[in-house]
2 protein chains.
Amino acid sequence: MGMSTDTGPGTSRGSASGTRRPDEPATGLRETKKRETRQLISDHATRLFLQQGFEATTLAEIADAARVAKKTVTNYFPRKEDMALDHQDEFVAGLARTVSGREPGESPFAALRRAFLSAVAAQDPVAGFAGPEFIRMIVESPTLSACLRGLHDQREEALAAALAEATGASAGDITPRAAAALLGGVHRVLFQRIQELTLAGRANPEIAAVLEGEAVRAFDLLAPALADYS
Amino acid sequence: MGMSTDTGPGTSRGSASGTRRPDEPATGLRETKKRETRQLISDHATRLFLQQGFEATTLAEIADAARVAKKTVTNYFPRKEDMALDHQDEFVAGLARTVSGREPGESPFAALRRAFLSAVAAQDPVAGFAGPEFIRMIVESPTLSACLRGLHDQREEALAAALAEATGASAGDITPRAAAALLGGVHRVLFQRIQELTLAGRANPEIAAVLEGEAVRAFDLLAPALADYS
DNA sequence: GCTAAAATTACCTCCGACGTAATTTTCCCC
DNA sequence: GGGGAAAATTACGTCGGAGGTAATTTTAGC
């Protein structure tokens, strides 16, 4: 998950001749090497984390493995956690984007249910699918577990904003936030369930089969409350 | 919130003659001084946290203020956060206890709604009522915010266990966990709402009045899903 | 090429977390 | 009420992550 926000040390270009729009692909040599360095560090970090655990791996080890200075590591990744959890932005924005981009006439509830079921069918990492070692790395590290909780929280917050916009709720209305907590909560419980089954040694197709049924039950539980919410 | 679990360094008694049951009030001089030292540290820590912020306060400052060694501080409070968030156990166990101890014939949903409304009426700190400085201390500290998220998570987990026991759900059933996420989510959103209004400068009675209405709306939203769940 | 900006680097401090051994305080039993 | 055991407190040390600074190297644009 995540991290599309941070592109590394110093994203701005020279101020004298601003010929480049900030959202261009950035095809210069400097940007290329920046991406390479970032990927190099991330790869070595991930490998070490999976091999010997997140907490047991030090920044110095990562820097040595990637053959860069320790400071370069912390320049690209201000926090150690950012090297382990990738695609954070995608994860956080996912539910909100599902609501914002839903078919006309479709309720947020229906859109989110459909999105989760197809994510399960596709064994999408954003839904919780990952290798057992990766999940073990997270659950065995208090730091990473706390970070993941924070991501679930941000995701719910973004969903609340999308729901408020979709339903035209007034500023102080608590309903979008409550609805986001309910919908986000179901997604989170199912996410955790996928991780739990992965840790239990089940293979992804089997997990997808189990989750399909459990997801239907969980969303059915919530349906009487939110099916008509829009 | 919390911290009833950790009574300080070394709770066990002499092994030669175990004449005392471990759950006795512990009225000896040693236990008294232990409680006093613990309270002394906690008081100075809380004062410093509120004065200059959580992150800006160091363990050395706290130790100096309490006139004890730095190691004594970390003996009583393994993590810095534990000095700031009190009554953790009470907070975590609250919802589960409400379900376990509900009136016969009352649904978990009704019991939890009733409990929250009376907590609001009583301006209970466990529901989110606290001084603005205390709440500011939390929201301005990433460490404390993450810790509070973790407490909400533990609370939901305990609630899921209580719901599974109350409804006699089978071991692998996802329903209690989903229901706990929904009920815990509503409680959490309302908790955050109380904090938000407190930060906005509203007085507690005014907050209680606002929350009463919002809580009814939030629980009403959830009612069609869970009113009959038991 | 030359110049300015950005990236990388080698040090640095600070603080929380943790461990260990020595010292003092308290307790229990004789 | 004194002696020995246990526990609490203490001083001291290490380690790792976070963060800052100035110097050096690399790249981009003229």
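Convention: sequence-line order gives letters A, B, ...; per-chain numbering from 1.
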Taking ring-ring contact (aromatic ring centres under 6.0 Å, His included) as the definition, give me every residue that meets it alongside His44(B), ordered by chain and number, with sequence neighbours left out. none
Using ring-ring contact (aromatic ring centres under 6.0 Å, His included) as the criterion, list what pairs up with Phe54(A), not counting sequence neighbours.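 Phe54(A) satisfies ring-ring contact (aromatic ring centres under 6.0 Å, His included) with Phe49(A) once adjacent residues are dropped.
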Round to a whole Å and report the spacing from [atom1] of [X] to [atom2] of [N].
X: Asp82(B); N: dG16(C); atom1: CG; atom2: C1'; value: 13 Å
X: Arg67(A); N: dA10(C); atom1: CZ; atom2: P; value: 11 Å
X: Asp64(A); N: dT9(C); atom1: CG; atom2: P; value: 12 Å
X: Lys33(A); N: dA7(C); atom1: NZ; atom2: P; value: 12 Å
X: Arg35(A); N: dA7(C); atom1: CZ; atom2: C1'; value: 15 Å
X: Lys34(B); N: dT26(C); atom1: NZ; atom2: P; value: 13 Å
X: Glu36(B); N: dT26(C); atom1: CD; atom2: C1'; value: 14 Å

Partners passing side chain to side chain contact (heavy atoms under 4.5 Å, CB included) against Ala115(B) (at least two apart in sequence or in another chain): Thr98(B)
Can you sort out the partners of Pro132(B) under side chain to side chain contact (heavy atoms under 4.5 Å, CB included), two or more places apart, ordered by chain and number? Arg136(B), Thr198(B)
Polar atoms only, N or O, under 3.5 Å: list the protein pairs with nucleotides 17-21 of chain D and their distances.
| residue | atom | partner | partner atom | Å |
| --- | --- | --- | --- | --- |
| dG17(D) | OP1 | Thr57(A) | O | 3.0 |
| dG17(D) | OP1 | Lys80(A) | NZ | 2.7 |
| dG17(D) | OP2 | Leu59(A) | N | 2.8 |
| dA18(D) | OP2 | Lys80(A) | N | 3.4 |
| dG20(D) | N7 | Lys71(A) | NZ | 3.1 |

Does Thr37(B) put a side-chain nitrogen or oxygen below 4.0 Å from OP1 or OP2 of dT9(D)? yes
What distance separates Thr46(A) OG1 from Glu133(A) CD, expressed to the nearest 0.5 Å?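 Answer rounded to 0.5 Å: 12.0 Å.
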Considering only side-chain heavy atoms of Tyr76(A), which listed nucleotide, dT27(D), dT8(C), dA8(D), is closest?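 Per side-chain heavy atoms of Tyr76(A), the pick is dT8(C).
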Could you list all the salt bridge (charged side-chain N to carboxylate O under 4.0 Å, His left out) pairs where at least one residue sits in residues 41-54 of chain A, not counting sequence neighbours? none
